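Following: one structure in structure tokens, then a few remarks.
Index from 1, following the sequence. Values below: all heavy atoms of this structure, side chains included; hydrogens, waters and symmetry mates excluded. For clarity, every value in this text was computed on a predicted model and none was experimentally measured. In listed order, ligands and their atoms are each counted from 1.
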Amino acid sequence: MNRAKEHTEIMKNQDPSVRINNMNEVALGYTKEQAILESERCLNCKTKPCVNGCPVGIDIPKFLSEAAVGDFDKALSTIKESSLFPSICGRVCPQEKQCQKECTVGKMHKSVDEAVAIGRVERFVADYERENGKESKPVIAKKTGKKVAIVGSGPAGAACAADLAKNGHEVHIFEALHEAGGVLTYGIPEFRLPKAIVKKEFENLEALGVKIHLDTLVGRTRSIDQLMNEDGFNAVFIGSGAGLPNFLNIPGENAVGVLSANEYLSRINLMKAYDTSISRTPYPRAKRVAVFGAGNVAMDASRTARRLGAESVAIIYRRGEEEVPARKEEVAHAKEEGIEFMLLHAPKEILTDENGRVKGVVLYECKLGEPDASGRRRPEIIQGSEKVYDCDLVLVAIGNASNPLIKMTTPEIETNQRGNFIVNPDTLETSMKGVYAGGDIVLGAATVILAMGQGRKAAAAINKYLAE
Ligand SMILES: Cc1cc2nc3c(=O)[nH]c(=O)nc-3n(C[C@H](O)[C@H](O)[C@H](O)COP(=O)(O)OP(=O)(O)OC[C@H]3O[C@@H](n4cnc5c(N)ncnc54)[C@H](O)[C@@H]3O)c2cc1C
């Protein structure tokens, strides 16, 4: 008998009044029964529209049908055929813009919120297997004698490393920071992605034989040329991400109390600044916080500030609700946590006190005009609409560009006007022979699953190149 329920299983969350006082994960995940019930809602459509919506093409109806009969082992294997980190992607993928957007059940209900909650089942399956020690051991091919260097340990580098190691190559990751994981470690907060989960994934990577060299800045410690010509690497994959924050370029931006959201989040997540029993990293304590931008970075920064004692936090964004780029769930959680959304507002100037500290921001009101190149309606400033928002901390989260170091030290690699590496779309090889690139360094600031997908695509091409 099909017990499938009409409506999506609700996932439990920590209560907002409790969670704004701790760093623990907000979303508590499905129970086994809920995962089964939710999986049963899948109609197993012949055309599999959800698979087309998944950037790495996971066979979603297959894993849901396996989960629906409680065979979580098989469901996880099905997901892992296409995706390396299901416990991470189940938590951070923008499913409502990808697989769940295409789900027939959601379309029947005329609401993406009623689509099969694919991400939540993915997360459950991965967590269940990990917590019960049932993750299967991957098969590793016999040693090829070939060496590959990976620059950066974010999702792109990690995915590339895993596939190459499984193919028998000797793989070394070089990571500039003192912990592996890229944005998964330094950017996305603990309350959204517990670091123990990221650590476990990197332990799995090391178990495949991948060597991770931390505190190694390629372009300074070693150059790409040295890796290839002195250190004996047969190929290089660059997954160095987009870690260079954009700023507003308005008067007052150099004031004390203006930080990029990246720096703020790194201090908290990577350096654990909030836990003074283990960390001596300072962070700005603030009562009123203005956060510019409305992507995931802005949501993470604003919700972190709230947890660190800010009484009021405002997301300030030039466009409207429809254009907000952050994951829907993060926006909903931010609102529940009392974050104010000042939509259709743009910054004019940052105001400072006599000591050069931030005391407020002058904002313009905006209206939406015709769509711009991104397809979104262009914000237009309303002259004479200025107002002041009082605040003692400004966090800037208006996008990131690629770090220029490798470009500067490796002029053979061609880049576009934004500084992103230009690659052959089929192989992800750069203009330098044997050097491949993927993830945010190619795509610009994108998503975890797209970065992982590119890491895997490059690994397949490197594998062929090494066999030539
Ligand atoms: C705060 C925040 C929240 C986000 N939330 C989401 C989300 O919810 N969902 C989602 O899908 N995406 C999210 N993203 C985007 C996503 O995290 C990125 O698209 C993804 O991490 C890109 O992966 P990557 O491997 O290309 O780069 P990164 O994750 O940036 O990793 C690059 C790594 O390379 C290292 N590196 C850089 N230069 C060098 C060098 N010269 N030598 C050695 N190492 C170097 C860096 O230290 C870093 O560890 C978020 C991003 C941020 C910043």
key: Selected option - heavy-atom contact closest to atom 33 (C) of ligand 1, from Gln95, Glu175, His213, Arg222   = Glu175

ask   = Distance only, no hydrogens: is a donor on one side chain within 3.5 Å (strictly under) of an acceptor on the other, for Ser312 and Glu340?
value = no

remark   = When Leu248, Ile350, Ile250, Val361 are each screened for side-chain contact (heavy atoms from CB on, under 4.5 Å) with Val258, the one that passes is Ile350

query = Do Pro155 and ligand 1 have an N or O pair less than 3.5 Å apart?
reply = yes

Closest contact, heavy atoms only, Ser153 versus Gly181 = OG-N, 2.9 Å

message = For the 3.5 Å polar cut-off, considering only N or O atoms, please tell me whether Arg327 and ligand 1 meet it.
response = no

Identity of the nearest option to atom 40 (C) of ligand 1, non-hydrogen atoms only, from Asn403, Ile188, Leu217 = Leu217

query = Can you check whether Ala445 has an N/O within less than 3.5 Å of an N/O in ligand 1?
reply = no

request  = List the closest protein heavy-atom neighbour of atom 27 (O) of ligand 1: residue, atom name, distance to the nearest 0.1 Å.
outcome  = Gly241 CA, 3.4 Å

note = Checking heavy-atom distances from atom 44 (N) of ligand 1 to each of Ala176, Cys89, Ala159, the winner is Ala176

message = Using a 4.0 Å heavy-atom cut-off, which part of Val151 comes near ligand 1: side chain, backbone, both, or neither?
response = side chain

Sub-3.5 Å N/O-N/O distance, Ile449 and ligand 1 = no

inquiry  = Quick check: Gly181 and ligand 1, any N/O pair under 3.5 Å apart?
reply    = no

ask   = With sequence neighbours left out, what residues match Glu102 under salt bridge (Lys or Arg N to Asp or Glu O under 4.0 Å)?
value = Lys107

note = Heavy-atom proximity to atom 16 (C) of ligand 1 ranks first, among Val448, Asp300, Leu177, for Val448

note = Looking at Leu405, Asn296, Thr216, the heavy atom closest to atom 6 (C) of ligand 1 belongs to Asn296

message = For ligand 1 and Arg192, I'd like to know whether there is a polar contact (N/O to N/O, distance under 3.5 Å).
response = yes

inquiry  = Check the orientation of His213 and His172. Use parallel for under 30°, tilted for 30 to 60°, and perpendicular for over 60°.
reply    = parallel

ask   = Is the shortest N/O to N/O distance between Cys93 and ligand 1 below 3.5 Å?
value = no

query = Which residue supplies the protein heavy atom nearest to atom 50 (C) of ligand 1, what is that atom called, and how far is it?
reply = Val183 CG1, 3.8 Å

ask   = Under 30°, 30 to 60°, or over 60°: which ring-plane class applies to Phe202 and Phe85, parallel, tilted or perpendicular?
value = tilted

query = Going by atom types only, do Thr8 and Arg41 share a side-chain donor-acceptor pair under 3.5 Å?
reply = yes

message = Give me the nearest non-hydrogen protein atom to atom 41 (N) of ligand 1 as residue plus atom name, then the distance to 0.1 Å.
response = Val218 O, 2.8 Å

Min heavy-atom dist Gly243 to ligand 1 below 4.0 Å = no

Ile406 N/O to ligand 1 N/O under 3.5 Å = no

task = Run the contact test for Gly219 against ligand 1 with a 4.0 Å cut-off on heavy atoms, strictly below, and give the result.
result = no

